[in-house]
Amino acid sequence: MKTRALVLFSGGQDSTTCLAWALNRYTYVETVGFDYGQRHAVELDCRPAVLERLRQIFPSWGEKLGRDHVLDLSVLGSISDTALTQGKAIAMEQSGLPNTFVPGRNLLFFTLAAAIAYRRDLHSLVGGMCETDYSGYPDCRDNTLKSLEVTLALGMDSPLIIETPLMWIDKADTWQMAADLGGDALVDIIRKETHTCYLGDRTHIHDWGYGCGQCPACELRAKGHRAFATRTA
Ligand code: ZN
């Protein structure tokens with residue numbers, strides 16, 4: 001049963017690592033991305049380039065890689081007032097969450113992914129959510145996704161598994177996972193082709209990839225890469 005998967009693939013470091021993880025594990029893999037009016041919509045442009053490079057460098061993965069779905073979720077941008085969907089400064093809210101939190105985002109993503117999976121006969125949904133060194137988003141937590149897994153399986157009356165291979169590891173381990181799965185070639189694809197920066201900066205290249213180097217997403221990615229590089233030096 002666990003042979004066909006759908007990966008929530010944004011074009012970022014985490015979801016690209018998850019895609020490699022899934023291609024290493026399943027016999028057939030499709031991908032889905034969401035256009036929700038994110039300021040860093042440049043990550044959507046990275047998706048085809050990442051898929052193309054994976055096909056080129058890893059032909060055995062390319063054979064397993066099926067259809068790529070992109071869904072228009074602009075409604076999410078229009079109903080949310082966040083620093084990820086509006087042109088405002090990133091700051092902490094009174095709730096203790098940064099204003100980059102898009103309420104309901106992962107709940108919607110997985111629900112729509114489950115609908116695609118139902119139609120395409122895919123049984124595992126794979127996402128790069130993590131609650132180890134994350135921004136505190138409650139819809140990235142393991143308990144939330146466990147609960148959602150049960151709800152979706154009940155609501156579709158169909159067996160469905162949510163897999164989150166990064167849930168209990170930090171960013172350094174995520175770089176390490178990529179190195180273990182695809183060696184330097186995969187690490188290089190992640191560095192050059194994936195996008196993480198909240199501000200959508202693709203003009204500055206660093207050891208850890210493109211980005212402004214200042215926003216929380218860049219800081220996390222850079223810090224993880226430093227720890228990973230120290231470990232492998
Ligand atoms: Zn940045």
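Please read all numbers here as calculations on a predicted model, not as lab measurements. Atoms within each ligand, like the ligands themselves, are counted from 1 in listed order.
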Tell me every residue that passes side-chain hydrogen bond (donor to acceptor under 3.5 Å, both in side chains) with Thr203, counting only those two or more places apart in sequence or in another chain.
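Scan of Thr203 (side-chain hydrogen bond (donor to acceptor under 3.5 Å, both in side chains), adjacent residues dropped) gives Asp201.
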
Measure distances from the Zn ion (ligand 1) and count the protein N, O or S atoms below 2.8 Å.
4

Can you tell me how far apart NZ (Lys192) and OH (Tyr210) are? Round to the nearest 0.5 Å.
8.0 Å

Partner of Val7 under side chain to side chain contact (heavy atoms under 4.5 Å, CB included), chosen from Thr16, Leu125, Val29:
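Filter result, single survivor: Val29.
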
Option passing side chain to side chain contact (heavy atoms under 4.5 Å, CB included) with Thr174 (candidates Thr17, Thr132, Asp133):
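That would be Thr17.
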
Take Arg47 and Asp68 through the salt bridge (charged side-chain N to carboxylate O under 4.0 Å, His left out) test and state the conclusion after the steps.
CA-CA 9 Å; Arg47 300 174 75 262; Asp68 179 38; 2.7 Å; yes

Between Glu63 and Arg55, does a salt bridge (charged side-chain N to carboxylate O under 4.0 Å, His left out) hold up when you go through it step by step?
CA-CA 8 Å; Glu63 285 169 14; Arg55 284 195 173 95; over 6 Å; no

